[in-house]
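Take a look at the structure set out below.
In the text below, chain A, chain B and the rest are named by the order of the sequence lines, each starting its count at 1. Just so it is clear, the model here is predicted, and its values are computed rather than measured.
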Amino acid sequence: MNREGSFAEKIHTYVAMIPFGRVMTYGQLAALAGSPRAARQVGGVAHYGPEGLPWQRVVNKHGGMAAGFPGGPSAQAEMLVAEGVTLNAQQCLDIERLIWWPPEDSD
DNA sequence: GGGCTGACAGCCT
DNA sequence: GAGGCTGCCAGCC
């Protein structure tokens with residue numbers, strides 16, 4: 001996986017691996033890609049990246065919706081709810097419970 | 001070809 | 001304990 005070498009490629013790979021009804025954070029993806037501080041870039045990769053990936057499963061560390069998600073935060077929230085994810089009145093999810101980490105032996 | 005922006009997170013003051 | 005700045009890297013102008 002990570003032998004791709006490309007930061008964006010890793011992000012794409014991990015996002016595609018997120019199971020149904022689970023989520024990951026920008027910081028997670030950035031760290032897994034090799035740059036724990038590159039959370040911003042994860043947003044950029046997501047925005048300019050392929051649309052075939054479950055970007056709605058990518059949320060910020062507060063468990064909130066992404067800022068520039070197509071259709072707005074409400075659209076992302078709806079997609080997550082459709083997957084069985086429960087959100088509170090603030091459209092925030094239980095990040096500590098729904099967060100997902102990829103298997104270490106995935107490679 | 002170079003520089004700026006951008007869907008966030010972590011550390012410092 | 002809270003607020004503000006820096007860091008990261010791909011894509012677009």
Pair A/Glu83, A/Gln56: side-chain N/O donor-acceptor within cut-off below 3.5 Å:
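Side-chain D/A pair, A/Glu83 to A/Gln56: present.
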Rounded distance (Å) that lies between atom [atom2] of [N] and atom [atom1] of [X]:
X	N	atom1	atom2	answer
A/Glu51	C/dG11	CD	P	15 Å
A/Phe69	B/dC8	CZ	P	13 Å
A/His62	C/dA2	NE2	P	13 Å
A/Phe7	B/dA7	CZ	P	15 Å
A/His47	C/dC8	NE2	P	23 Å
A/Ile95	B/dC8	CD1	C1'	13 Å
A/Met65	B/dA7	CE	C1'	12 Å
A/Ile11	C/dG11	CD1	P	12 Å

Among [options], which nucleotide has an atom closest to any side-chain atom of [X]?
X	options	value
A/Tyr48	B/dA9, C/dC12, B/dA7	C/dC12
A/Ala8	C/dA10, C/dC8, B/dC8	C/dA10
A/Ala38	B/dA7, B/dA9, C/dC8	C/dC8

Assigned partner base of C/dC13, Watson-Crick or wobble definition, under 3.5 Å
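Partner of C/dC13: B/dG2.
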Just name whichever nucleotide pairs with C/dA2, Watson-Crick or G-U, keeping both distances under 3.5 Å, else none.
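Pairing partner: B/dT13.
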Could you give the distance from CZ (A/Arg97) to OG1 (A/Thr86), rounded to the nearest 0.5 Å?
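These two atoms lie 6.5 Å from each other.
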Given side chains that start at C-beta, do those of A/Leu93 and A/Leu80 come closer than 4.5 Å, heavy atoms only?
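They are in contact (side-chain heavy atoms under 4.5 Å apart), so the answer is yes.
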Are A/Ile99 and A/Met24 packed together at the side-chain level, in the sense that at least one heavy-atom pair is separated by less than 4.5 angstrom?
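The answer is no, as the side chains (C-beta and beyond) never meet within the 4.5 Å cut-off.
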Can you tabulate the close N/O pairs, meaning under 3.5 Å, that link protein atoms to atoms of nucleotides 11-13 of chain B?
none

Quote, to the nearest angstrom, the [atom1] distance that separates [N] from [M].
N	M	atom1	value
C/dC9	B/dG1	P	22 Å
B/dA7	C/dG3	C1'	22 Å
B/dT5	C/dC5	P	16 Å

Any link between A/Trp101 and A/Met17 through a network of hydrophobic side chains (Ile, Leu, Val, Met, Phe, Trp, Tyr) touching at under 4.5 Å?
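Yes, A/Trp101 and A/Met17 fall within the same hydrophobic cluster.
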Is the backbone of [Y] close enough, under 3.5 Å, to the side chain of [X] for a donor and an acceptor to pair up by distance?
X	Y	value
A/Arg57	A/Ile18	yes
A/Trp55	A/Pro50	yes
A/Gln28	A/Val58	no

So what does A/Tyr26 touch, heavy atoms closer than 4.0 Å: a base, only the sugar-phosphate, or nothing?
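Base: the residue A/Tyr26, judged by heavy atoms under 4.0 Å, touches a nucleobase.
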Sugar-phosphate, base or nothing in reach of A/Ala67, heavy atoms under 4.0 Å
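Since only primed, P, OP1 and OP2 atoms lie under 4.0 Å of A/Ala67, the category is sugar-phosphate.
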First of A/Gly44 and A/Arg40 reached from the 5' end of DNA chain C, by closest nucleotide:
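Checking each residue's closest nucleotide, the 5'-ward one belongs to A/Arg40.
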For A/Gln41 and A/Val59, take the nucleotide of DNA chain B holding the closest heavy atom to each; which residue's nucleotide lies nearer the 5' end?
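Nearer the 5' end of the strand: A/Gln41.
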Return whichever of A/Pro36 or A/Trp55 has its heavy-atom-nearest nucleotide of DNA chain B closer to the 5' end.
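Between the two, 5'-proximity favours A/Trp55.
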